[in-house]
Protein chains: 2
Amino acid sequence: MPDTAHLDINQMRERAGEATGVLRVLAHEDRLLLLCQLSQAELCVSDLEQQLDIRQPSLSQQLGVLRREGLVATRREGKHIYYRVGDDRVLALLQTLYELYCQPHEGTS
Amino acid sequence: MPDTAHLDINQMRERAGEATGVLRVLAHEDRLLLLCQLSQAELCVSDLEQQLDIRQPSLSQQLGVLRREGLVATRREGKHIYYRVGDDRVLALLQTLYELYCQPHEGTS
DNA sequence: CTAACATTATATTGTAAGATAATATGTCTG
DNA sequence: CAGACATATTATCTTACAATATAATGTTAG
């Protein structure tokens with residue numbers, strides 16, 4: 001249980017604004033899947049296209065969103081552009097989401 | 001680092017769909033703040049109105065979203081209706097968000 | 001220059017946000 | 001139990017934003 005007692009409402013709004021900025025980006029099935037794949041390995045667009053079965057332009061548009069919002073970083077290597085998750089907080093969020101929504105035992109004890 | 005190796009793409013899409021359903025609800029500043037408050041204590045609409053300075057109809061609309069999506073539960077007591085977070089996964093997510101976006105030390109060591 | 005890889009531009013559609021007004025629900029009093 | 005008030009929800013409308021698909025353009029290697 002978060003203890004937010006030390007934050008006043010304005011500070012809370014500011015932090016909430018930061019958080020919702022990221023959450024909006026995650027709240028999209030294709031983008032979330034992209035990030036999941038990229039949390040495992042650095043991948044180029046054609047890798048992602050194969051793994052997730054999304055057409056290149058759509059893919060590239062969503063990758064563009066991730067780039068502009070600073071959630072991924074890129075590296076060019078010849079014809080290929082490699083993507084990776086570029087934000088530790090996002091990595092941590094993905095980890096939590098994985099535990100909550102992908103682990104078989106949802107965990108009482 | 002999540003290990004999703006045991007999930008095929010269809011399973012992943014299904015889980016991602018569940019997760020994005022919740023993320024969409026969280027990705028709204030007022031709603032996120034409401035959930036933060038409710039993660040600390042059970043509160044009625046007028047409490048929330050005071051604490052967050054949101055007008056009643058707007059507030060009630062957002063609470064309606066939270067109810068329909070199953071993120072909160074309610075309890076009537078006389079004139080007041082008390083809200084609380086009604087989903088453990090949401091509570092866990094709020095906790096993580098708090099650590100990442102509200103803790104002073106964002107944590108290298 | 002051509003082929004492969006990737007991004008950007010554009011247009012359409014759909015969905016969410018936000019404000020205001022109207023309605024419901026419950027309590028208390030006379 | 002009617003009437004008035006406080007609390008809360010729902011309906012409606014307008015605006016703005018995000019999603020999706022297609023077409024066009026850029027970039028690099030051979």
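Chain A is the first sequence line, chain B the second, and so forth, proteins listed ahead of strands; every chain is numbered from 1.
- We find that CG of Leu26(A) is positioned 15 Å from P of dA18(D), with the value rounded to whole Å.
- Rounded to a whole Å, the CG atom of Leu66(B) is 15 Å from the C1' atom of dA8(D).
- For the side chain to side chain contact (heavy atoms under 4.5 Å, CB included) criterion with Leu26(B), the lone passing option out of Leu26(A), Leu23(A), Thr20(A) is Leu23(A).
- Atom pair His28(B):NE2 and dA16(D):C1' shows a separation of 13 Å (rounding to whole Å applied).
- Each of Ser58(B) and Arg55(A) was assigned the nucleotide of DNA chain D with the nearest heavy atom; the assignment lying further toward the 5' end belongs to Ser58(B).
- Ion pairing of Glu69(A) with Arg24(A) is absent here, as no side-chain N (NZ or NE/NH1/NH2) approaches a carboxylate O to less than 4.0 Å.
- In this structure, Ile54(B) places its CD1 atom 10 Å from P of dG18(C), rounding to the nearest Å.
- Summarising the geometry, the separation between CG on Leu43(A) and C1' on dA6(C) is reported as 15 Å, rounded to the nearest angstrom.
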With 3.5 Å as the limit, what N/O pairs link the protein to nucleotides 24-30 of chain D?
none

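- Proximity of Ser46(B) to the phosphate of dA8(D): a side-chain N or O atom is located under 4.0 Å from OP1 or OP2.
- In this model, the phosphate group of dA6(C) is not approached by any side-chain N or O of Tyr82(A) to a distance below 4.0 Å at OP1 or OP2.
- With rounding to whole Å, Leu34(B) atom CG is found 13 Å from dA8(D) atom P.
- Of the side-chain N and O atoms in Arg31(B), one or more sit less than 4.0 angstrom from OP1 or OP2 of dA17(C).
- If you check dA6(C), dA8(D), dT20(D) against the side chain of Cys44(B), the one that comes closest is dA8(D).
- Ionic pairing of Glu18(B) and Arg89(B) is present here: one or more N-O contacts between side-chain nitrogen and carboxylate oxygen are shorter than 4.0 angstrom.
- Residues Lys79(B) and Arg76(B) come closest through the heavy atom pair O-NH2, 4.0 Å.
- Using a 4.0 Å cut-off between a side-chain N of Lys or Arg and a carboxylate O of Asp or Glu, Glu29(A) and Arg13(B) qualify as a salt bridge.
- In this structure, Arg24(A) places its CZ atom 10 Å from P of dA19(D), rounding to the nearest Å.
- Across the protein-nucleic acid pair, Gln56(B) atom CD and dA21(C) atom P stand 15 Å apart, rounded to whole Å.
- Figure legend: cation-pi geometry between Arg75(B) and Tyr82(B), with NZ or CZ positioned under 6.0 Å from the six-membered ring centre and within 45° of its axis.
- A distance-only check finds a donor-acceptor pair linking the side chain of Ser39(B) to the backbone of Cys36(B) [under 3.5 Å].
- The residue among His80(B) and Gln61(B) whose nearest nucleotide of DNA chain D is located toward the 5' end is His80(B).
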